[in-house]
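First up is the structure itself, then whatever we jot down about it.
Lettering of chains follows the sequences in order, A, B, ..., and the numbering in each one begins at 1.
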Amino acid sequence: MEAQELPCVLIDCIGGKHGVYEDHAEFLKERFCLITMKEYLENKNFLGKKIRAIYMWYHKPVINEELLQSLPNLKIVASSGVGIDHLDLSLLSSYGVKVSNTPFIVSTDTADLGMALMLASSRRLVEGHQMAISPDTEYFPADWLGAEVSGATLGIIGMGTIGYKVAERAKAFEMKILYHNRKQRNKEEERAVGATYCKKIDDLLQQADFVMLVVNLTPQTHKLIGKRELQLMKPTAILINISRGLVVDQDALVEALQNKVIKAAALDVTYPEPLPRDHPLLKLKNVIITPHIGSATVKTRHLMKENMTESIQAGLAGLPIPNEVLL
Amino acid sequence: MTQSLIFVQRKAIRAVGDDESSGCSVSLNTLTFVSTCSRPIMKGEELPGLLVNEIGGMHGILHDHVEFLKKHFCLITMKEFLENKKNMSKKVQAVYLWWHKPVIDKDLLQSLPNLKVIANSGVGMDHLDLKLVASFGVKMANAPCAVSSSTADTGMALLLASARRLVEGYHVAVSPGMEYCEADFLGVEVTGATLGIIGMGSIGYKIALRAKAFEMKILYHNRTRRKEQEEQAVGALYCEKIDDLLCQADFVMVVVSLTPQTHKLIGKREMELMKPTATLINISRGAVVDQEALVIALRSGVIRAAALDVTYPEPLPRDHPLLKLKNVIITPHLGIKTDKATRMITEEAVENILAALAGLPMPSEVHPS
């Protein structure tokens with residue numbers, strides 16, 4: 001049968017809450033023989049040898065040593081999104097398995113969401129919406145106010161591709177832009193967005209009205225924002241996190257918000273995701289949480305699927321892999 | 001009714017003549033009226049009377065602004081005025097409207113013989129009968145400068161929140177019963193999409209400046225076309241016919257004044273011209289959109305979603321269908337509701353009032369069209 005000539009690719013499942021989208025599956029089936037985890041587990045001995053690639057959609061299927069040992073012909077893992085902190089790169093490398101992600105296509109959507117969270121938080125959009133539709137609302141009080149974004153100071157921590165796109169957008173709101181990064185950007189790049197480099201993160205924290213986290217999660221950025229950093233921030237400042245939950249010390253954040261050390265927070269990412277339903281962050285009025293939707297648009301997800309397909313095809317053909325993640 | 005006591009604190013006042021060598025004179029800035037100004041403290045030193053609806057409360061002057069206003073004016077609330085019309089009516093030289101109150105009608109105008117100017121907080125003047133006011137020889141001013149950035153920010157906030165389903169997402173993230181998964185919760189892209197701005201005044205233009213940074217393609221429809229340099233600066237294309245804008249836009253943002261011509265500007269016909277994937281954002285006035293037609297359009301998928309900072313009335317009745325639709329975000333007229341914008345509005349109003357009272361040109365006088 002023709003289908004058997006297509007290379008076999010392992011996926012978690014199709015459809016449902018966690019699976020590859022039905023319409024994406026159609027596209028993939030034209031190029032690959034898709035094997036779901038369920039099918040694989042039911043027929044490990046036969047299918048294990050056939051699987052040559054894993055299409056990892058939102059961190060599933062989970063890859064551990066046991067799985068790697070049962071897939072002797074696995075050549076490549078294509079992971080959706082840009083973050084790779086969920087993968088054990090050394091382990092995969094030790095099995096001779098290559099890895100790819102989808103770095104650049106997520107940048108504009110994620111920058112857009114950062115801006116959306118900053119605007120929503122400062123103007124109290126979610127609270128406002130609740131007031132507008134609440135059965136108890138009789139009038140809108142005149143002294144119910146938010147804080148202005150235009151002309152305020154934005155501190156961007158992590159000025160990579162996404163951070164820079166945030167700066168480009170913020171500039172149009174006449175914001176004053178400070179940034180902290182491992183390396184300073186060149187003069188033209190800084191001038192183009194009117195950004196001032198803060199070699200010391202403290203300088204940024206003390207001046208910013210909005211602090212936006214746009215770093216990768218690495219051992220160095222783990223709990224980068226803790227009690228000390230929160231206390232350096234202005235009491236009128238808002239923290240926005242579109243990087244990874246673990247970049248922030250969540251317990252310290254809860255305390256800071258409860259004690260009005262900072263004004264508010266807007267988080268697209270937490271640790272874990274989702275938070276336990278009794279977590280204090282869920283109850284604070286001055287917190288907006290979104291369910292990790294940084295790259296969640298129809299168009300970007302299509303682009304991810306296409307990128308991942310390209311990477312797998314290149315990997316299986318022994319060609320240079322687009323978006324390969326190197327150790 | 002009791003006469004309120006006047007308590008006046010004087011800080012370093014010297015009467016003229018006390019100390020000729022230093023040339024000191026009475027400084028009005030050092031007078032602090034704590035209570036009502038039922039009678040002047042010194043002949044010729046009375047600050048002009050400024051009528052306001054109330055202080056604090058639903059439509060009242062913000063408490064934070066009172067001190068600043070009292071530097072220049074003798075504040076008279078509607079309650080004080082009504083309780084003591086005989087004495088107060090001649091004192092009122094200006095009215096400062098906050099959230100459209102107090103209501104200016106013929107009766108009020110007739111009872112304020114010395115009224116020279118009405119200053120409006122905000123830019124919209126649709127709640128005022130401009131011709132009536134002008135017929136009493138009273139000048140009017142709005143506050144355009146303070147309003148534009150803040151309102152443009154509100155427009156962008158609503159556009160982004162709607163496109164990325166921020167409010168829905170919040171509920172998924174915090175609600176106890178919600179089934180959660182990041183992978184299948186999708187919104188629509190903002191970067192690179194087409195924005196159609198209906199009404200390209202100062203607020204509309206600021207929206208264009210912001211949208212350009214999101215690499216949006218910008219179309220606009222306006223009574224008059226903007227200058228070429230202005231269009232080029234934001235990459236905006238003029239659509240003489242509103243239909244052309246409606247057919248192409250992924251986001252339609254309504255930023256017009258409410259006039260008889262813009263009443264129900266966006267109705268069934270206009271919504272049907274829009275793409276089924278399009279979002280309508282209204283930051284102008286509720287009455288610019290045909291609300292019943294909007295409910296039908298949203299329910300039947302004629303358009304994807306709507307985000308409304310303004311409705312008719314505000315707030316909507318609690319059983320209104322718009323409150324129940326999942327693809328609608330409604331905000332409580334956030335437009336200028338920031339500390340900064342409200343402060344600037346009051347400063348702009350005071351500038352206009354003082355200019356009018358001194359017979360000087362007003363920074364933002366509004367004439368009946």
Most contacts with chain A, counted as non-hydrogen pairs under 4.5 angstrom, among B/Val190, B/Thr311, B/Leu158, B/Leu209: B/Val190
Largest heavy-atom contact set with chain B, pairs under 4.5 Å, which of A/Val298, A/Leu282, A/Leu145: A/Leu145
Please identify, among B/Asp153, B/Thr331, B/Ile61, the residue contributing the most non-hydrogen atom pairs under 4.5 Å to chain A. B/Asp153
Where does B/Val188 contact chain A at under 4.5 Å (heavy atoms): side chain, backbone, both or neither? backbone
With chain B as the partner, which of A/Ala147, A/Ser122, A/Ser80, A/Ala170 has the greatest number of non-hydrogen pairs under 4.5 Å? A/Ala147
Which label fits A/Phe173 and B/Phe214: parallel for a plane angle under 30°, tilted from 30 to 60°, or perpendicular past 60°? perpendicular
Between A/Lys176 and A/Asp209, is there a side-chain N and carboxylate O pair less than 4.0 Å apart? no
Between A/Tyr21 and A/Trp57, how do the two ring planes meet: parallel, tilted or perpendicular, split at 30° and 60°? perpendicular
Closer than 4.0 angstrom, basic N to acidic O: yes or no for A/Arg169 and A/Asp112? yes
Quick one: does any side-chain atom of A/Asp143 pair with a main-chain N or O of B/Leu62 as donor and acceptor, under 3.5 Å? no
Identify whether the distance between the nearest side-chain nitrogen and carboxylate oxygen of A/Lys285 and A/Glu127 falls below 4.0 Å. yes
Using a cut-off of under 4.5 Å on heavy-atom pairs, state which of B/Ala213, B/Ser149, B/Pro332 scores highest against chain A. B/Pro332
For chain A, which of B/Asp339, B/Leu160, B/Thr338 has the most heavy-atom pairs under 4.5 Å? B/Thr338
I'd like to know if B/Lys212 pairs up with A/Glu168 as an ion pair, taking the criterion as any Lys NZ or Arg NE/NH1/NH2 lying under 4.0 Å from an Asp or Glu carboxylate oxygen. no
So which residue, B/Leu334, B/Asp309, B/Val167, B/Ile336, ends up with the most heavy-atom pairs under 4.5 Å with chain A? B/Leu334
Answer yes or no: is there a side-chain heavy-atom contact under 4.5 Å between B/Glu189 and A/Asp109? yes
So for A/Met115, is it side chain, backbone, both, or neither that comes closer than 4.5 Å to the heavy atoms of chain B? both
If we define contacts as heavy-atom pairs under 4.5 Å, which of B/Ala341, B/Gly169, B/Pro315 has the most with chain A? B/Pro315
In terms of heavy-atom pairs under 4.5 Å with chain B, which of A/Ala111, A/Gly16, A/Pro141, A/Ala116 leads? A/Ala116
Tell me, side chain or backbone of B/Thr342 under 4.5 Å from chain A's heavy atoms, or both, or neither? side chain
Looking only at atom types and distance, does a side-chain atom of A/Ser121 sit under 3.5 Å from a main-chain N or O of A/Leu117, one as donor and one as acceptor? no
Max heavy-atom pair count under 4.5 Å with chain B, selected residue of A/Asp136, A/Val149, A/Val20: A/Val149
